[in-house]
Amino acid sequence: MAEKKIPYYNRELSWMDFNARVLEEATKKENPLMERLRFLAITGSNLDEFFMVRVAGVKAQVNSSYKPKDKLDLAPQDLLRELEDKAHHFMEKQYSCLHRSIMPALERSGLRFVDWHGMNEEQKGFVGRYFKQVLFPVLTPLAVDGSRPFPLLANKTLNIAVRLESKDEKEKEKNFAIVQVPSILPRFLELPCREGRAFTLLEDIITANLDELFELHTIEAACPFRVTRDSDLEIDEEAEDFMNEVKKSIKRRKRGRPVRLELLQKCDKDLRNFLIDQLKIKKNEIYSLHGPLDLTFFSKFAGIKGCEDMCFKPIIPVPPADFWGYTDIFAAIRDKDRMVHHPYESFDCVVKFIEQAAEDEDVLAIKQTLYRVSGNSPIIAALIRAAENGKQVTVLVELKARFDEENNINWAQKLEKAGCHVIYGLHGLKTHCKIALVVRREEDGIRRYLHLGTGNYNDSTAKIYTDLGLFTCNSQYGADASSLFNVITGYSRPPEYQHFAVAPHGLRTFFCRRIRQETENARKGLPCGITAKVNSLVDPEIISLLYVASQAGVPIQLIVRGICCLIPGLEGISDNIQVVSIVGQLLEHSRIFRFENAGDPKVFMGSADWMPRNLDRRIELVFPIEDEDLKQRAFGILDTLLSDNTNARVMQQDTTYVHVNRRGKAVFSSQLAFYREAQEKIKTLQKVEQDSPLIPIHSAEEAGS
């Protein structure tokens, strides 16, 4: 693949374009005001992670004089220059959006941020008391001089640099100190206010009261600043105690090399030079901003009470129509395969699947993979209960799930204490597949029940990420599931799966074969076409095959939320490829693949994006939807997504994105359409139940009585 040059857009630059699409949502005046703030906060959080991992990685390549093996890649020095230019420009746009558009709109709505100089006497008294009673006992001023070195500042913490002058006439040299803004306290404080509502920031309160912390000195200058550090973990997978090795690497993350210094534009020159000198930071790594620093706090601010009318109408999940009329989840799955679409339909059915398995005396074993789970996970509570009830519980907890390592370590230890068999993933591979297997003893023998998903077993993110899940007790799927768990937990060789396509041994081959088949069908004049929904499209081989398919006349529609290295619409190369990105109220997370297959269309779902890491370096699972009703529903989901003209943007051949042209069409949001559809299904089922002269059976027990 590396030999033949194909049009390929750099993944890091493409990611920056994705974050720009999120920022665009913050600038949209038709979006509710608090949601615009929330989008702005998301761009800040996204950018933090991008610097900690991707920019840090490019800097490491520059420092090690790395030469890219693949002709598709930019040289690290050129890429770093482009990334830093884009990042500077992007952060200017963030603050322009905040100060020119959002803040004035907040003021018109009766909400404003004030610093010490903008406060009246009542507010100053309130803030003074807050400082003395709450803040002062928590703060630790750190002097920096010959005997006290510059402190090790943790990644992403907000700090204030202070330049002081001694009140003692004999000591006239410049003194410096650091005060950390405590992250344990809320970043903003509401002030008493006669008209509207007023807020101030923690760093403004501290700055206004610095003389209380340095009584022997005069405050000459102060400036908030923030350091982003290299946080790409290097984990020794050969270590005897793997969990301990992950714990050590998490600590290293907090003190990685600085890759970005953010400070205010009005920063005092001496303070600026002091920080540059102490942090050994380069000029192009400094980002001088209007402030406030660290926009991520606005996601909390956007949720303040009393401003609900400035938010999106919440999408409140409804009970899944596929489980209507059943209290026994196993009876429902025995009757037919079931599909759920989150968050339009409640994630509770996934939780209940594990909870019922934990309590059911006929359930013998539960096996499950966990990649990212919530802080207070009901699924983990159910697995613990299952182990306490004497069932064989095997859980693969992926300790290498980036930035979730600590959470996963805590859960792994609790599961082990309860008697679960806990596995920490395979050497050199992340386990990213989403699968739960319940083994149950029934009258006609052992039956295996499965949940297969596109998203994590996380009840919190399931409210804001769009994902799909399949429940089945198809015996062939069950056999594949058992084989997959044997590979993960033991020394089994990867088997020939009957229905599953599994990375790293078979998924690349599966996708390549499917794309080549569509190309062949096009050449033979048979029905052909590819529709795929993924989070990212990066893999050069997949991209190359899609170009070949396009040239053969295969119509290709791609829904790619984030990074897309394929360039559509290039004459003679990708004329038949359209790329759409949907960025809206919910985060598009599901992966769906449709292949026309000469008139017998096939549809697959799973955990894998089209990236080298998903196809080659992770355990991923893609599964077919074979039930005819569910197939049609999956096709409908893709059609609805491709009809979006509200949150959809189309990628151009110059790699820019433009909103779908409505051309007089009615406004159509795929996300709101899915929500309405879920609500209408339930209303119809409720009406049928009310109108029925018969009392519906809600459980297998009632049927037998």
Side-chain angles (χ1 to χ4, degrees), residues 1 6-22 42-43 45-47 49-50 52-55 57-58 70 72-74 79 83 86 232 371-372 401-403 430 432-434 454-456 461 465-468 503-504 507-508 510-512 515 530-547 556-568 574 577-584 586-593 604-622 638 641 647-651 655 657:
M1 284 308 312
I6 61 166
Y8 189 86
Y9 186 42
N10 177 270
R11 66 163 286 174
E12 322 301 357
L13 298 175
S14 179
W15 184 90
M16 291 290 292
D17 295 345
F18 157 65
N19 211 27
R21 296 196 289 281
V22 181
I42 291 166
T43 67
S45 170
N46 285 350
L47 201 60
E49 188 172 327
F50 185 69
M52 286 152 59
V53 179
R54 305 305 310 183
V55 175
V58 176
D70 200 319
L72 302 175
D73 286 345
L74 289 170
L79 176 56
L83 283 179
K86 262 196 163 185
D232 204 7
Y371 188 71
R372 296 187 197 278
R402 188 180 278 137
F403 304 121
K430 274 188 186 175
H432 190 246
C433 57
K434 328 294 180 186
T454 67
N456 298 311
T461 56
Y465 287 24
T466 73
D467 273 304
L468 287 148
L507 194 53
R508 176 180 289 284
F510 166 79
F511 280 129
C512 291
I515 298 167
I530 298 168
T531 308
K533 178 179 187 282
V534 290
N535 293 297
S536 301
L537 171 51
V538 174
D539 190 75
E541 185 178 13
I542 296 283
I543 290 171
S544 182
L545 289 171
L546 290 171
Y547 285 152
I556 300 167
Q557 294 181 297
L558 304 173
I559 304 159
V560 186
R561 173 175 55 89
I563 302 165
C564 184
C565 301
L566 176 147
I567 304 172
S574 55
I577 304 178
Q578 183 190 48
V579 176
V580 172
S581 171
I582 296 175
V583 176
L586 303 168
L587 185 143
E588 289 295 336
H589 192 252
S590 55
R591 290 93 168 178
I592 315 170
F593 309 91
F604 303 86
M605 296 177 181
S607 57
D609 290 310
W610 277 345
M611 302 178 80
R613 71 181 189 194
N614 298 95
L615 302 175
D616 303 327
R617 301 191 298 277
R618 289 184 170 188
I619 295 176
E620 301 276 10
L621 168 60
V622 167
L638 288 172
L641 289 161
N647 297 316
R649 295 163 178 82
V650 182
M651 188 179 182
T655 72
Y657 284 77

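The chain is numbered in sequence order, starting from 1.
Lys434 approaches Thr454 most closely through the heavy-atom pair CG-C, 4.1 Å. The two residues Val560 and Cys564 make their nearest non-hydrogen contact at CG1-CB, 4.0 Å. The two residues Pro612 and Pro540 come nearest to each other via the heavy atoms CG-CD, 4.3 Å. The nearest pair of heavy atoms linking Ala608 to Val534 is O-CG1, 4.4 Å.
Counting heavy atoms from C-beta outward, Ser581 and Arg21 have side chains that approach closer than 4.5 Å. Using a 4.5 Å heavy-atom threshold, the side chains of Ile619 and Lys430 count as separate. When side chains are defined from C-beta on, Asp609 does not count as touching Val538, because their heavy atoms never get closer than 4.5 Å. At least one side-chain heavy atom of Phe50 sits under 4.5 Å from a side-chain heavy atom of Glu12. No side-chain heavy atom of Tyr465 sits less than 4.5 Å from a side-chain heavy atom of Leu586. In this structure, the side chains of Val583 and Asn647 stay at 4.5 Å or more apart for every pair of heavy atoms. By the 4.5 Å heavy-atom criterion applied to side chains, Val650 and Gln578 are counted as neighbours. Using a 4.5 Å cut-off on side-chain heavy atoms (C-beta onward), Leu468 and Ile592 make contact.
In this structure, the side chain to side chain contact (heavy atoms under 4.5 Å, CB included) partners of Pro7, at least two apart in sequence or on a different chain, are Tyr547, Ile567, Leu570, Ile573. Annotation: side chain to side chain contact (heavy atoms under 4.5 Å, CB included) contacts of Thr531 (sequence neighbours excluded): Gln557, Arg594, Leu638, Leu642. For Tyr9, there are no ring pair (Phe, Tyr, Trp, His ring centres under 6.0 Å) partners at least two apart in sequence or on another chain.
Rounding to the nearest 0.5 angstrom, the gap separating the SG atom in Cys512 from the CG atom in Asp539 is 7.0 Å. Distance CG/Leu566 to CG/Leu537: 5.5 Å, rounded to 0.5 Å. In this structure, Leu13 CG and Leu74 CG are separated by 6.5 Å, a value rounded to the nearest 0.5 Å. With rounding to the nearest 0.5 Å, the separation of CZ in Arg508 from CG in Leu615 is 5.0 Å. In this structure, OG in Ser574 is found 9.0 Å from CE in Met651, a value given to the nearest 0.5 Å. Interatomic distance, CD1 of Ile515 versus CG of Leu546, reported as 4.5 Å (0.5 Å rounding).
In this structure, Asn535 contributes its side chain and His589 its backbone to a donor-acceptor pair below 3.5 Å. Put simply, the side chain of His432 gets close to the backbone of Ser607: a donor and an acceptor are under 3.5 Å apart.
Asp17 pairs with exactly one of Arg649, Lys86, Arg11 by the salt bridge (Lys or Arg N to Asp or Glu O under 4.0 Å) rule, that one being Lys86.
Aromatic ring centres of Tyr657 and Phe18 lie farther apart than the 6.0 Å criterion allows.
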Steps toward side-chain contact (heavy atoms from CB on, under 4.5 Å) verdict (Ser544, Ile542)
CA-CA 5 Å; Ser544 182; Ile542 296 283; over 6 Å; no

(message) Show, in sequence, the C-alpha distance, side-chain angles and deciding distance for Tyr371 and Arg618, and conclude whether the side-chain contact (heavy atoms from CB on, under 4.5 Å) test is met.
(response) CA-CA 12 Å; Tyr371 188 71; Arg618 289 184 170 188; 3.6 Å; yes

Could you go step by step and tell me if Val58 and Leu83 meet the side-chain contact (heavy atoms from CB on, under 4.5 Å) rule?
CA-CA 10 Å; Val58 176; Leu83 283 179; 4.2 Å; yes

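Using a 3.5 Å distance cut-off with no hydrogens or angles, the side chains of Ser590 and Asp467 do not pair a donor with an acceptor. For the 3.5 Å distance criterion, the side chains of Asn46 and Asn19 qualify, holding a donor opposite an acceptor. With no hydrogens or angles considered, no side-chain donor-acceptor pair links Thr461 and Arg372 at under 3.5 Å.
Classification of Glu588 and Arg561 as a salt-bridged pair fails, no side-chain N sitting under 4.0 Å from a carboxylate O.
Phe511 and Phe593 have tilted rings, their planes meeting at an angle from 30° to 60° on a 0 to 90° scale.
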